[in-house]
Amino acid sequence: TSSRALMRPCAVMSHACHRSGAMGYMSRAERPIAGEMSHPRVTHRIVGKAVTVTGGEERPRLRDRMRRWRNAWPRGDDLDKRIISLTIPGILNLMLLPLVGLVDTYWVGRLGNAVSLAGMGAANQVFTTTAWAVSFLPSVTTPLVAKAVASGNKDEAAKRIAESMVVATTVGVLAMTFLQTQPLLALSMVAGQDAQFRDAAQSYLQIRSLSIIPALVSTVAFSAFRGKLDTTTPLKVSLFSNVLNCALDPILMFKCGLGVVGAAAATVVAEFFSAAVFLTLMLKQQMVKMKQMLRLPKWEALKPLLKGGLAVQMRSLVMNVALLSATKSAAALDPGGVNAAAYQLTVIFWQLGATVMLALSTTSGILVPSQMGKGGANKEERVNGARNVADRMLTWGAVSGFILGAAQFLCIPLIGKFSAVEAVNEAARGPAALVAASQFLNGIVFAGEGIMQGLECYRGLAALSAIAAVFFLSSLEIVKSLGLGLNGVWISFLLFNGVRLVGVLLHRYKIGPLARRASQNVGDGDAHNTSDGENNKTPAPAAAGN
């Protein structure tokens, strides 16, 4: 090369010597080896008379990261429109169940006796717990259907739906048989033998248990529609069935003289209506075939459903243990029940935000597998697309959590409207501020866990929940010894969500299937580690970070 090219390394060396004082003051380890001259950012090697410049990757890496960061923020594009169109129906659907529960409570309360109301509450708790124990299928079915639909393989999607229907019906029959034949044993979980409402609870539970099979069928159908990116149809079916439930309550309870049992019968009719409509729509849209639902699936086909379902149930068990431990800790703070009542008020605040976050989690579990199974794209393009979706969902979670937290913080003065006891209101104000602060973490955590479900990383999700629960239970003991009261319980919740936050971010950016290092070898010889830009055209440096 020209002498000018050879002079540049010398100028760099001169600058380095000037900064250090003189070359002679460098130790041998600090001096450049023969044929190599160093600069803090650029390394030049001289081979014969040729100069080759290596390094200098800092700026491309920084630009690549900045581009991914900008792409992660909501911008009103097609992806944001899809997120909104999937999330809003999910929020509305999640809000329907507690609203219908309030209607049932209202009409049972009109019977004029506390025994009926207490019996319905106990029976509903047992039914919910039993249904929870067997309702693992939606979390597993959605990503399987979403990938099959995205790849254009309708037969595979129909097969997955039919397998889930068979499993749902089987476990539903087992659960219904248990509740029908052993209602007193089931009720012993929530009521003692001397409870005056046991007879009312038993009658209600035995009627309500008839709805568990159609309820499970509806949940599988709901997840199947979500897998094909349709959340509007399930919302319509759910809305009509719940309106039917509310309309039948006074008719069956008062005009037919069934009393509290009439409320259970109204729910059964509504659940069968929902399941029938879902099945009719799926058959009409050829989402599933009747002969497939009447055929027992092979063990190899059931394994992913059952393995994923076991991990989902383990995670749910851990989460319920954590919530029950928090309730127990709050109840033990004082014998008068002031802190327990204040805790219930703050839980309402938390659940309002959790409704939105759970809908975002569901959306993550739909869009990520849809992108991973996208037809007409190679593996590298699918992974890069899934990264874009995952990052956008995490950002949506953070923004939503921040907005909800700010809104809840402003609503803290309204706590006084929920209780006539000033001591309860006063005890709830401080924890309510902690709840508002936790919503930011909740947004990212729920979105991240939805991403993990969409990627079918169920065992990792269960392990993360278990680790977080260990921290949570340990923290409850520590804050108890420090006398932090109800604030300490919610500080433990913050730690619980903080551990989960670290876990979902590690999974996304370091150890999960979407981490850039985890997918360096995708593409079968194509360029590795392409950037996460909109069109995935700009190659990232080989050593690019996450």
Side-chain angles (χ1 to χ4, degrees), residues 61 64-75 79-80 82-83 86-87 139 142-143 146-147 308 311-312 315 357-374 379-402 439-468 496-522 528-534 536 540 543-546:
R61 290 176 60 183
D64 188 55
R65 290 178 179 178
M66 291 299 294
R67 181 169 54 251
R68 294 200 302 271
W69 172 254
R70 289 193 302 268
N71 288 341
W73 282 91
R75 56 181 60 192
L79 178 56
D80 286 333
R82 275 189 293 163
I83 292 172
L86 291 172
T87 303
S139 297
T142 298
K147 285 201 299 185
V312 169
R315 172 179 176 260
M357 303 311 174
L358 186 58
L360 280 173
S361 178
T362 301
T363 301
S364 299
I366 298 172
L367 291 179
V368 170
S370 295
Q371 191 64 47
M372 290 292 286
K374 189 175 182 179
K379 185 176 181 181
E380 186 178 15
E381 291 171 340
R382 294 196 302 269
V383 171
N384 280 331
R387 286 181 185 140
N388 289 335
V389 172
D391 290 343
R392 186 71 63 87
M393 291 305 309
L394 290 172
T395 308
W396 266 92
V399 172
S400 301
F402 178 80
Q439 296 296 357
F440 177 75
L441 297 182
N442 291 346
I444 304 175
V445 168
F446 275 67
E449 291 184 340
I451 293 167
M452 293 180 68
Q453 286 192 2
L455 294 170
E456 302 175 53
C457 299
Y458 303 116
R459 286 185 295 180
L461 195 54
L464 172 59
S465 300
I467 294 171
F496 180 60
N497 285 336
V499 173
R500 293 162 67 197
L501 174 66
V502 172
V504 297
L505 292 180
L506 280 175
H507 184 271
R508 163 59 189 95
Y509 295 106
K510 294 296 181 182
I511 60 177
L514 298 184
R516 302 185 71 79
R517 293 176 183 175
S519 56
Q520 284 182 350
N521 296 322
V522 300
H528 300 314
N529 278 344
T530 61
S531 71
D532 290 347
E534 292 182 355
N536 300 320
N546 300 310

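Computed from heavy atoms alone, side chains included, the values below leave out hydrogens, waters and symmetry copies.
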Between R82 and T363, does a side chain to side chain contact (heavy atoms under 4.5 Å, CB included) hold up when you go through it step by step?
CA-CA 9 Å; R82 275 189 293 163; T363 301; over 6 Å; no
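- By the side-chain contact (heavy atoms from CB on, under 4.5 Å) test, V389 is found to be paired with L79, L367, V368, Q371, M393, residues two or more places apart in sequence or in another chain being considered.
- Remark: F446 engages no residue in a ring-ring contact (aromatic ring centres under 6.0 Å, His included) (not counting sequence neighbours).
- Under the rule for a salt bridge (Lys or Arg N to Asp or Glu O under 4.0 Å), the partners of R392 that lie at least two apart in sequence or sit in another chain are D77, D80.
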Given the rule in the side chain to side chain contact (heavy atoms under 4.5 Å, CB included) test, do Y509 and L394 qualify, once you have shown the distances and angles that lead to the verdict?
CA-CA 12 Å; Y509 295 106; L394 290 172; 3.8 Å; yes
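- Atoms CD1 and CG, on I451 and L505 in that order, are 9.0 Å from each other to the nearest 0.5 Å.
- In this structure, the side-chain hydrogen bond (donor to acceptor under 3.5 Å, both in side chains) partners of Q439, at least two apart in sequence or on a different chain, are Q408, N442.
- Using a 4.5 Å heavy-atom threshold, the side chains of L455 and H507 count as touching.
- Distance CH2/W396 to OG1/T87: 7.5 Å, rounded to 0.5 Å.
- Annotation for P513 and V383: closest pair O-CG1, 4.3 Å, computed over non-hydrogen atoms.
- Of the inter-residue distances, the one linking T362 atom OG1 with M357 atom CE reads 13.0 Å to the nearest 0.5 angstrom.
- For the pair I467 and R500, the minimum side-chain heavy-atom distance is 4.5 Å or more.
- Looking at residues two or more places apart in sequence or on another chain, you find no side-chain hydrogen bond (donor to acceptor under 3.5 Å, both in side chains) involving T395.
- In this structure the side chain of R508 reaches within 4.5 angstrom of the side chain of D391, judged on heavy atoms.
- Taking NZ of K379 as the reference point, atom CG of N384 lies at 12.0 Å (rounded to 0.5 Å).
- Legend: residues meeting side-chain hydrogen bond (donor to acceptor under 3.5 Å, both in side chains) with S364, ordered by chain and number and at least two apart, are absent.
- Residues G397 and L360 approach most closely at CA-CD1, 4.0 Å, considering heavy atoms.
- Taking 4.5 Å as the limit, some side-chain heavy atom of W73 sits within range of a side-chain heavy atom of V399.
- Atom CZ in R387 sits 9.5 Å away from atom CE in M372 (nearest 0.5 Å).
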